[in-house]
Structures are given as structure tokens and as C-alpha cells.
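Just so it is clear: chains get the letters A, B, ... in the order the sequence lines come, proteins before strands, and each one is counted from 1. Fair warning: this is a prediction, and the values are worked out from it, not measured in the lab. The analysis underlying the following values was restricted to heavy atoms, covering all of them including side chains, and did not include hydrogens, waters or symmetry mates.
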There are 2 protein chains.
Amino acid sequence: MRSYEPDETDWAILRELQADARLSYNEIGRRIPLSAPSVAERVRRLEAHGIITGYSADVDPARVGQEVTAYIHLRCDSGRCLLKTADPDEYPEIVEIHKLAGRHCTLLRVRVASMAHFEGLSERIGTHGPIETTMVMSTPFARGEVRPTPPPRPVTTGDRWWNAGEASEQG
Amino acid sequence: MRSYEPDETDWAILRELQADARLSYNEIGRRIPLSAPSVAERVRRLEAHGIITGYSADVDPARVGQEVTAYIHLRCDSGRCLLKTADPDEYPEIVEIHKLAGRHCTLLRVRVASMAHFEGLSERIGTHGPIETTMVMSTPFARGEVRPTPPPRPVTTGDRWWNAGEASEQG
DNA sequence: AATGAAAGGTCGGCAAC
DNA sequence: GTTGCCGACCTTTCATT
């Protein structure tokens, strides 16, 4: 059970603030519409519940010389786990680390200035274990915005094995 | 050649605005330190050069019921390319699309409420071509922040084949 | 390019309904 | 949740260095 469920008004505020975090409560209220004190109260509530975690300026990495983005799947050798043996400052090129289920232990998102730079980076990361590189050429679509959770569509099964036995998988 | 190269003062401003996009020019100037009009002028310049692309509130997807994140590598069948045959509104769960070099054509980042929901989604996406799923368990590290480009470290070669022939690879 | 001062506008918080 | 008010702060302009 979730601690707080945003209602439609909250989502309207979240939409505005995700589109432009510098809007005043007044201006947000004007657009909803809602009075400024109410906007302020709701925003504080959303912050207090950890739904809004912060406000940030969006900087285009390509415009500051970081043109190459890649993902690196990493299967750490035992005792050489990147998370346990490396410091974030050693790898400023790493912008995200995900822990994975499955064959690989870690997925890294990295950003570098050039292929030459990437070559050096992948060599350094490779000291932790075997890697698999996914090179991004372009990112035609990225929604920064979090929207209301869409209703899950049912599995379109046709699966002949579905429920043929006793068990069914429902959490 | 880049159109505009942020100097140290610009980077200080970028740091502050990435950490809190709602700071006033006054407050930023107080921290740098720099006068408010100068801050305002630099911010406008950074916006005009496309270095600052916007300001957004950060919303925690997990707190609004979107707890599952995954990456899906997709190799589109010809004529069924996701980018060309699907609409963003059909797939609200897709939050990023990357075009790739290599074996797969596309990398999708998706966010859903549950495994059951993910099951249905991957089935729908699978209609476009073969997929490979990377399931994220947790994300222990993510720097939203863009920092000054670190100097590339030279490849630490030991490679016995390096420059053994005539050509060298430099762009 | 940065500073400082001045002016006008706007904002955010509080209290009352 | 709304309205109204007040003090404070902010942004902008301009002259100066």
C-alpha cells in the first residue's frame, strides 16, 4: 500500500512542475486552476511524501562535449566488484549503475567525449570483469516526465500452457 | 567546434541549478559568489546556447506505483520497426528509446507497475521483433548531474598490436 | 564583463472565512 | 480551499568601473 496517492489535481501540479520547475505557485495555480496557497500546500505534501525528490536544471551533455553515450553490461569477477572496489570519482564517466537479475550483475550507463575516450574507459572497466557494450547512436525519444501509472493490459494469451496445471502466478 | 564553452563560473552556476532548479538568481549569486544581474545574464546565455534545456521537478516513479524498471534490446523485423509503426501513446511504459550500433537496432527503457504488467508489455513489444530483457533490481547510483568533461585517460596499452602496422586510429 | 543602487513587480506566508 | 493583506525578496534596468 502506498503512503500517498496523488489525485488529479496533484498530477496537474506534477505535470506543470516537471515541464518547468521554476514556475511560481501563483503561475501554477493560474494554470490548474487553483489558488496559490493550495498549490503550495500540495507541493509541500508531495515533497514530504518523497514523490517530488528535487528540482533540477536539465543540461545537454552533447553541448558540453560529452557526445558519446553507451551502456555496459558487466559481470563482475568475485572480489573485483565495481561497486565494492571502485570509487565514484575514479569513474566520473559513469552516470548510472543498475544492479541486475540474470547473467550480468551490473548495467552501467556511461557518457564520454569521444570514441578514443570510450576505448580507455572500457579497458579500465574491463578490469572488473567481462563486459558487453551497447553503443548508443542517438536517442530519438526520452520522456523525462513521470505520468500517472497506466492500467496494465492483460496478457493476450493464446498461450496453450496457461493454467493447464494447478498453479497460477499472481502476486 | 563548440559554439560556447562554459567557463568555471558557468559551471558553478550549472552545479547550483542542477542541484536546485528553484534557486533565485540572488541566492545563486550569494553562493558563487557573483552579483545577481551577472548570474541572470549567464543563465540566459546558457539557455540560449542550448546548454540548459529546461528545468524539471524530479518525481520518484516508485512512489507513484511504478516500481519495475527494465531495459529491452530489440531487433526490429523489417516493416515492423517500433519507431515507424508504433505511437508513443500506445506505449506509455516506454520512457526512452535509443538507436543502436550493432546487433540490435533499438534499446528501450521501460517502467511499469509490476511484473504482471511487464509480462504483458514485453509480449506486445515482442510483436515488433526479437527482444532481450535486462531486469533492473535496484539503482544504487545515478548522477543526474552533468559535470565538466573529464580529461580522457590514455589507453593503458600493453597491446602488442598497437601501431605494429602503418595506420593509427585517430579521428 | 561585473558591480551597485534603485524601482517596480511578484512572491510566499499567514490569518480569517 | 479561497481570499486578502503585508512584508520580503526578487528581477530588471542603468550608470559606473
As a test of reading the structure: which of dA2(C), dT2(D), dG12(C) is closest to the side chain of Arg22(B), going by heavy atoms? dG12(C)

Separation of dG12(C) atom C1' from Ile28(A) atom CD1, nearest Å, is 12 Å

Taking NZ, NE, NH1 and NH2 as the nitrogens, is one of them in Arg44(B) or Glu47(B) under 4.0 Å from a carboxylate oxygen of the other? no

Without decimals, in angstroms, what is the distance between Arg44(B) CZ and dC10(D) P? 16 Å

Candidates dT3(D), dT12(D), dA1(C) - which lies nearest the side chain of Arg45(B): dA1(C)

Using whole Å, what does the distance between atom C1' of nucleotide dC11(C) and atom CD of Glu27(A) come to? 12 Å

First of Pro37(B) and Pro33(A) reached from the 5' end of DNA chain D, by closest nucleotide: Pro33(A)

Closest to the Ser24(B) side chain: dG12(C), dC10(D), dT2(D)? dC10(D)

Can you tell me how far P of dC11(C) sits from CZ of Arg30(A), to the nearest Å? 6 Å

N or O in side chain of Ser38(A) less than 4.0 angstrom from dT2(D) OP1/OP2: yes

Sidechain N-carboxylate O distance under 4.0 Å for Asp7(B), Arg42(B): yes

Between CG of Leu34(A) and P of dT2(D) the distance, given in whole Å, is 5 Å

For His98(A) and Tyr71(B), I'd like to know if the aromatic rings sit close, meaning centre-to-centre distance below 6.0 Å. yes

What is the separation between atom OH on Tyr25(A) and atom P on dT3(D), rounded to the nearest whole Å? 19 Å

Taking only the side-chain nitrogens and oxygens of Arg42(B), find out if one of them lies under 4.0 Å from OP1 or OP2 of dA1(C). no

Qualifying residue, where the test is side chain to side chain donor-acceptor pair (under 3.5 Å) with Glu93(B) and the options are Gln66(B), Arg111(B), Arg124(B): Arg124(B)

Specify the separation, in whole Å, of atom CD of Glu41(B) and atom P of dG4(C). 16 Å

Length of the line joining Asn26(B):CG and dG8(C):P, which is rounded to integer Å: 19 Å

Is the closest side-chain heavy-atom distance between Arg2(B) and Arg63(A) below 4.5 Å? no

